Amino acid sequence: MKKKLILFLLTAMCAFAAAGSPAASVSSLAAQTPAAAQPGNTELYASELTGLPVSSALAAQRPVAVMIDNDLRALPHAGLAEADLVYEMMNSTANNRVTRLMAVYKDWQSVRQIGNIRSTRPTNILLASEWDAILIHDGGPFYNDPYFAVTGIQHLSGGFSRIRNGKASEFTEYAKSGEISKRAAAGRISASYTSPVTQTLAQTHFSFAPTDLSQLGGVSGTLCQLSCFRHTKPYLAYNTATGLYDYYEGSKLAVDSEDKQSVAFTNIILQDCTFTQYDRNGYLIYNVIGEGIGWYLTGGRAVPILWKKASETAPTKYYYASGTEITLNPGKTYIGICPSDDWQSVGIS
């Protein structure tokens, strides 16, 4: 692994030296910089998920992480445009390595509809626990059981609203406004962080600051092609008008079915990660505990990074080649966990 990290970084650094392209504009990024979290400001604070100002009444409210189907037959998604953070990863080696999304929300009580909801996998349990999130899903394989136990994550499984949408029944379950709150209360699951320790870990998970990757020798990063996700072959294209990366699936711009907003992100993080397949059905777990290489894109630029996760509940941390922790531009973030055996198909340009 260490040889792979060194080779990756050396190759990327050579590419930087040859690039010599002009600095990307950061005017749109500056516009998103939070004006909150200032001394004496009791009305707003900077969200731990986005770094953007939100009501201070939400400070102690833990996020929810919702498992959303990403089969082409399940599209379009509902409530995805409101997510603060979205993880995408292979859900199974079957069905052309179909992916599943895990959408994380801070102000989840304000979202009118989220879904469709599907089952969870061990990797999702490990990642959701980093945020002390309530995991929303509908079942899953028995391989989940030891990870529920070791992380102690609180979760709600199944029983949400069924919406007639003309699709097969497995694509019809959604969490409507107020349902998560009612279900959590009935299950005696607090909407607040479980402890000051978990709250601190969540609130220090990411580091936010206005960031111009051209100052770090970044290469062009206006297009991120994720052919490693074979089922939908998504890509993210930088929109110079908005300063955001628009998300496409199956060559179509992802548009939220609930409010017709396009799905877009300020930051993209990619992780090269091996996985272990459990059985012939395609169930698997990514080996996210450990370290590896990746990419960070923002503002139309890209730099190579390293990622590290020390334990089941420890946060995944991301570092520049220098070893310093990356800073994210305030805004929404997409994290793609790409299987190592298909990492070479990832395209950054």
Side-chain angles (χ1 to χ4, degrees), residues 46-52 54 58-70 77-89 91 99-138 147 151 153-157 160 174-175 179-181 184 189-194 198-199 201-208 245 247 254 256 258 261 263-271 286 288 307 309 313-318 328-337:
S47 167
E48 54 269 40
L49 293 177
T50 65
L52 295 173
V54 296
L58 297 172
Q61 178 173 287
R62 63 206 292 208
V64 300
V66 185
M67 295 304 306
I68 298 180
D69 201 334
N70 206 36
H77 308 295
L80 190 63
E82 283 74 47
D84 297 311
L85 169 65
V86 174
Y87 292 88
E88 181 169 6
M89 67 197 77
N91 185 61
T99 61
R100 195 153 287 177
L101 307 177
M102 186 172 75
V104 186
Y105 303 80
K106 179 63 175 179
D107 189 10
W108 43 271
Q109 299 192 60
S110 68
V111 185
R112 290 182 291 183
Q113 185 171 302
I114 306 174
N116 71 291
I117 298 171
R118 291 300 296 271
S119 59
T120 191
R121 298 291 184 267
T123 309
N124 304 110
I125 297 170
L126 294 174
L127 297 176
S129 69
E130 295 184 8
W131 297 99
D132 194 22
I134 303 171
L135 181 62
I136 310 299
H137 63 108
D138 192 336
Y147 296 95
T151 62
I153 192 171
Q154 295 179 310
H155 59 108
L156 298 172
S157 178
F160 291 94
Y174 296 82
E179 278 193 279
I180 296 175
S181 296
I189 296 176
S190 174
S192 300
Y193 282 107
T194 56
T198 59
Q199 182 173 356
L201 285 173
Q203 292 180 340
T204 57
H205 193 304
F206 288 157
S207 178
F208 292 99
Y245 288 88
Y247 179 67
D256 196 309
E258 194 272 321
Q261 290 187 55
V263 178
F265 303 91
T266 299
N267 309 294
I268 301 172
I269 294 173
L270 304 179
Q271 292 180 233
Y286 275 98
V288 292
W307 62 265
K309 179 174 170 64
T313 56
T316 303
K317 291 292 187 177
Y318 304 95
L328 297 175
N329 272 303
K332 300 179 179 182
T333 299
Y334 169 94
I335 299 178
I337 303 181

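Just so it is clear, the values below take in all heavy atoms, side chains as well, and ignore hydrogens, waters and symmetry mates. Values in this document were obtained by computation on a predicted structure and should not be read as measured data.
Side-chain contact between Asn70 and His77 is present, with at least one heavy-atom pair separated by less than 4.5 Å. Two residues are said to be in side-chain contact when any heavy atoms from C-beta on lie closer than 4.5 Å; Ile68 and Arg118 fail this criterion. Between Ile269 and Trp307 there is no side-chain heavy-atom pair separated by less than 4.5 Å. Counting heavy atoms from C-beta on, the side chains of Met67 and Asp138 never come closer than 4.5 Å. Under the 4.5 Å side-chain criterion, counting only non-hydrogen atoms from C-beta, Ser119 is not in contact with His137. Using a 4.5 Å heavy-atom threshold, the side chains of Thr313 and Ser129 count as touching. Taking 4.5 Å as the limit, some side-chain heavy atom of Gln271 sits within range of a side-chain heavy atom of Ile335. The shortest side-chain heavy-atom distance between Phe206 and Pro315 does not fall under the 4.5 Å cut-off.
Rounded to the nearest 0.5 angstrom, Arg112 CZ and Glu258 CD are separated by 4.0 Å. Atom CG of Asp69 is separated from atom CD1 of Ile117 by 11.0 Å, given to the nearest 0.5 angstrom. Going from atom OH of Tyr318 over to atom OG1 of Thr333 covers 9.5 Å, rounded to the nearest 0.5 Å. Atom-to-atom distance recorded for Ile136:CD1 and Leu156:CG is 4.0 Å, nearest 0.5 angstrom. One finds the CD atom of Glu48 at 11.5 Å from the CG atom of Leu201 (value rounded to the nearest 0.5 Å). Atom CG of Leu101 is separated from atom OH of Tyr87 by 13.0 Å, given to the nearest 0.5 angstrom.
Between His205 and Trp131, the ring planes lie parallel to each other; the angle is under 30°, not in the 30° to 60° tilted range.
Ser190 and Arg62 are not linked by any side-chain donor-acceptor pair at a separation below 3.5 angstrom, with hydrogens and angles left out of the test. A donor atom on one side chain and an acceptor atom on the other are not found under 3.5 Å apart for Thr50 and Asp84. No donor-acceptor contact under 3.5 angstrom links the side chains of Glu179 and Tyr174, judged on distance only. No hydrogens or angles considered: a donor-acceptor pair under 3.5 Å links the side chains of Thr194 and Asp132. Residues Glu82 and Tyr105 have side chains that never bring a donor and an acceptor to within less than 3.5 angstrom of each other.
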Problem set entry | ring pair (Phe, Tyr, Trp, His ring centres under 6.0 Å) between Tyr334 and Tyr245, intermediate numbers included | CA-CA 9 Å; Tyr334 169 94; Tyr245 288 88; 9.8 Å; no
For this session: Quick one: do Thr99 and Met89 satisfy side-chain contact (heavy atoms from CB on, under 4.5 Å)? Show the steps, please.
Result: CA-CA 5 Å; Thr99 61; Met89 67 197 77; over 6 Å; no
Problem set entry | Chi angles and distances behind the side-chain contact (heavy atoms from CB on, under 4.5 Å) call for Leu127, Tyr286 | CA-CA 11 Å; Leu127 297 176; Tyr286 275 98; over 6 Å; no
Exercise. Do Met102 and Thr120 pass the side-chain contact (heavy atoms from CB on, under 4.5 Å) test, and can you show the C-alpha distance, the side-chain angles, and the key distance before you say yes or no?
Worked result: CA-CA 9 Å; Met102 186 172 75; Thr120 191; 5.9 Å; no
For this session: Take Tyr147 and Thr123, measure what side-chain contact (heavy atoms from CB on, under 4.5 Å) needs, and give me the verdict at the end.
Result: CA-CA 9 Å; Tyr147 296 95; Thr123 309; over 6 Å; no
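Counting all heavy atoms, side chain and backbone alike, Ala128 lies closest to Leu135 at CB-CD1, 4.2 Å. Scanning all heavy atoms of the two residues, the minimum distance from Pro63 to Val104 falls at CB-CG1, 3.8 Å. Minimum heavy-atom separation, Ala83 to Ala103: CB-CB, 3.8 Å. Heavy atoms only, all atoms of each residue included: Asp107 and Gln61 are closest at CA-NE2, 4.1 Å. Scanning all heavy atoms of the two residues, the minimum distance from Gly331 to Asn267 falls at O-ND2, 4.1 Å. Nearest heavy-atom pair across Ala60 and Gln199 is CA-NE2, 3.9 Å.
Within the 3.5 Å criterion, the main-chain N or O of Leu58 finds a donor-acceptor partner in the side chain of Lys106. Between the side chain of Gln203 and the backbone N or O of Ala59 there is at least one donor-acceptor pair closer than 3.5 Å.
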